[in-house]
Every structure is written in C-alpha cells, then in structure tokens.
Amino acid sequence: MVKIISDSTCDLSKELLEKYNIQILPLHILLGEAEYDDGQNITPDEIFAWSDAHKTTPKTSAPSLADAIRLLRPCAEAGQEAVCFSISGSMSTSCNVMRLAAEELGAGDRIRVVDSENLSTGIGLLVLEAADMAARGYSAARIAQETEALRPRVRASFVVDTLTYLYRGGRCSAVAAMAGGMLKLHPKIVVKDGAMDASKKYRGRPETVILSYVRDLEPQLRQARPNRVFITHSGCSPDIVGQVRSYLEGLQLFQEILETRAGGVISSHCGPGTLGVLFIDGKEPSHV
C-alpha cells in the first residue's frame, strides 16, 4: 500500500495519524537560540508563554534535507511508493525539501510530493483523502493527481482572537493590530491560492464572533463533501468548541466532525483563541 506522509503543519491529531498510518516530517520552531521539532518536544502553550514573555513571534523553518532523507529512506530502500504533503510553497520550502530528498534517494518516480497550497487541516483534509485512496489500492501517481485536483476545492478559513501574533510575525501592521485591539475586531482569514487574506471582520466577545463566523459559513457548508469537516483551534475553551460542534451536528450534513488542536507552527503565527472550520467543496469544477 502507498505510504502517506505529511509535514507537521497538517495539524492532524495523534489519533488520526495512528488510525490512518500517516508519518509526519516536523518543521522546526526556534525560541531564541533553542530549536524544537513541531509537535515533538514543544507545545503551543509553551510557545505562547515564550512569545508573550519576549514580545515576539518564534521563528519557524522547514525540515532539513537530512531530516527528509532520514524519513523517506525506508520507503526508497524498500521500493515502496509514497505521497508526501506539505504546507503551501509560498509559506515554506518544506515541499522543495521533500522533493530534493526523494530525488537524492533516487526515488523521485515512486515518492510523489504534493504542495497543498494550504495550511493546517486544509492540508489535513487532503492527507486523509489520500489515505482513503491508498486504502483502496490507488497508485502514488493517481493519489497525487486526484488530491491535486481537490486542492482548489478545499475551504480553509479561521477567525483570530487577537492580531498581536500576526503583527509580531509581520503579517499585519502595527496600526491594524492596535485598531483591532481597541475596536475588538476579529478578522476572518481565508486561505486561497496558497496565501492568507483577511476577509470579513467581526466584533464582539470570542464566543459571539466564532458562532457568527460559523453561521456565515452555512451556505458553503451545505455545498460541502459530506464525509468530514474539521474544527481546528489553537486553544479555545471547550464550551466554545462544543457550541461549534453542536451547530455543525444540527445541520446534519457530515458523516464525521473532527476536532483538532493546531500545532506549534500554525499556533505561533495565529495566536491563542483562533478557530477555523475547514472542509472540501462538494461541487465538481466545471470544464469549458
């Protein structure tokens, strides 16, 4: 069976990784001079504490070529096919590192690499679709082709509780961050064509903002593929997450509602209290 691999920004839970036999290639997180492996030896809460104490966002970096070669070598030496997924190439060189590793091992034809053009469980959705295909006996080439066709149909968005972390990471201006704090604005961030873009701005308490955001998604949710939807957050209260789950359950649209906590790389840029609902659009693209 084809092996499915992803970098750590897919934000899939340990339970899902074990269930679908998915291997992870960690990105790196640098807190000052100390370097950590995403999801291995550092938690998002530890990152938030460091970031607040130092008034800065940790640096993050792609896996090293040596890391990627070490992970892919068993597949290459066994002649096994694999499909690897990465965070958007416009956000990290993780994808190129995986490709170089496959080529270095002489397995570029058996180990396919897919740039998700997304982040967090926007990647995770593609990874689980790939795992389903692998279980059905698809080849690596076919899995890569079909998941690439699904990429533009991934709907990934989230609302942030604070703009402080986006400002610290250079993703919004000091003026926007200050105005957001004073006016209690919470922007909706949408991932499209591999990049993040601010959309609608909500105002109010976190639970009010998050539920308004989810309700606004309902027309899109009704067009979604029914197999699964993700609730992904960076440390929201169980009550808020429970309300989102109850709302989605009430729609009676999805066979599976999956809840995951965002990993270290994603959390370090979006900050605590961020929540997103992510899914794949069910409509096939029209061909002219």
Side-chain angles (χ1 to χ4, degrees), residues 4-14 17 22-73 82-105 108 111 113-124 126-127 156 158 160 164-172 189 191 193-196 232 234-235 260-272 274 276:
I4 304 300
I5 297 167
S6 176
D7 73 28
S8 59
T9 60
C10 67
D11 289 348
L12 294 174
S13 66
K14 181 181 178 182
L17 296 176
I22 295 160
Q23 278 190 288
I24 292 295
L25 180 64
L27 273 72
H28 300 298
I29 299 169
L30 286 79
L31 307 186
E33 297 299 314
E35 183 172 324
Y36 301 89
D37 291 335
D38 185 21
Q40 305 294 311
N41 52 7
I42 186 76
T43 68
D45 289 337
E46 289 170 333
I47 292 168
F48 296 149
W50 183 92
S51 186
D52 289 341
H54 293 80
K55 302 292 186 281
T56 187
T57 295
K59 289 181 171 31
T60 57
S61 65
S64 69
L65 181 58
D67 291 338
I69 288 175
R70 193 177 304 113
L71 181 69
L72 298 180
R73 187 182 298 279
V83 181
C84 306
F85 292 83
S86 76
I87 190 171
S88 171
S90 65
M91 301 178 188
S92 171
T93 58
S94 177
C95 184
N96 285 337
V97 169
M98 289 178 169
R99 284 200 180 105
L100 286 170
E103 291 168 9
E104 185 76 15
L105 291 164
I111 299 176
V113 181
V114 176
D115 178 348
S116 72
E117 297 182 1
N118 221 298
L119 53 76
S120 190
T121 46
I123 309 167
L126 295 176
V127 171
F158 50 94
V160 298
T164 300
Y165 284 73
L166 290 171
Y167 163 62
R168 288 175 182 167
R171 297 182 187 273
C172 80
I189 309 295
V191 184
D193 298 327
M196 293 191 298
T232 303
S234 62
T260 59
R261 174 87 187 251
V265 169
I266 301 301
S267 294
S268 70
H269 291 292
C270 66
T274 297

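All residue numbers in this chain count up from 1 along the given sequence.
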Can you tell me how far apart [atom1] ([X]) and [atom2] ([Y]) are? Round to the nearest 0.5 Å.
{"X": "Ile111", "Y": "Cys84", "atom1": "CD1", "atom2": "SG", "result": "6.0 Å"}
{"X": "Leu12", "Y": "Ile22", "atom1": "CG", "atom2": "CD1", "result": "5.5 Å"}
{"X": "Gln23", "Y": "Leu72", "atom1": "CD", "atom2": "CG", "result": "8.5 Å"}
{"X": "Leu71", "Y": "Ile5", "atom1": "CG", "atom2": "CD1", "result": "5.0 Å"}
{"X": "Ile29", "Y": "Gln40", "atom1": "CD1", "atom2": "CD", "result": "10.5 Å"}
{"X": "Ser6", "Y": "Leu17", "atom1": "OG", "atom2": "CG", "result": "8.5 Å"}

Kindly indicate whether the side chain of [X], heavy atoms from C-beta on, has any atom under 4.5 Å from the side chain of [Y].
{"X": "Leu27", "Y": "Thr60", "result": "no"}
{"X": "Pro63", "Y": "Ser94", "result": "yes"}
{"X": "Leu119", "Y": "Met196", "result": "yes"}
{"X": "Thr232", "Y": "Phe158", "result": "no"}

Does either side chain, that of [X] or that of [Y], offer a donor lying less than 3.5 Å from an acceptor on the other one?
{"X": "Thr121", "Y": "Thr260", "answer": "no"}
{"X": "Asp45", "Y": "Thr43", "answer": "no"}
{"X": "Asp67", "Y": "Ser64", "answer": "yes"}
{"X": "His28", "Y": "Asp38", "answer": "no"}

Worksheet item: After noting the C-alpha distance and the side-chain angles of Val97 and Ser92, does the key distance pass the side-chain contact (heavy atoms from CB on, under 4.5 Å) rule?
Response: CA-CA 10 Å; Val97 169; Ser92 171; over 6 Å; no
Worksheet item: Do other residues, nucleotides or ligands put more than 12 heavy atoms under 6.0 Å from Asp193 CG?
Response: no
Could you tell me whether a side-chain N or O of [X] sits under 3.5 Å from a main-chain N or O of [Y], the two making a donor and an acceptor?
{"X": "Ser267", "Y": "Ala262", "answer": "yes"}
{"X": "Asp11", "Y": "Gly263", "answer": "yes"}
{"X": "Ser51", "Y": "Thr56", "answer": "yes"}
{"X": "Thr9", "Y": "Ser120", "answer": "no"}
{"X": "Ser116", "Y": "Ile123", "answer": "no"}

Discussion item. Evaluate Ile42 against Leu31 for side-chain contact (heavy atoms from CB on, under 4.5 Å), listing each step before the verdict.
Written reply: CA-CA 10 Å; Ile42 186 76; Leu31 307 186; 3.8 Å; yes
Atom of [X], atom of [Y] and distance for their closest heavy-atom approach:
{"X": "Thr57", "Y": "Trp50", "value": "C-CZ3, 4.2 Å"}
{"X": "Ser61", "Y": "Leu30", "value": "OG-CD1, 4.0 Å"}
{"X": "Leu65", "Y": "Ala101", "value": "CD1-N, 3.6 Å"}
{"X": "Ser86", "Y": "Met98", "value": "CB-SD, 4.3 Å"}

Discussion item. If the threshold is 4.0 Å, N to carboxylate O, is there a salt bridge linking Asp115 and Arg99?
Written reply: no
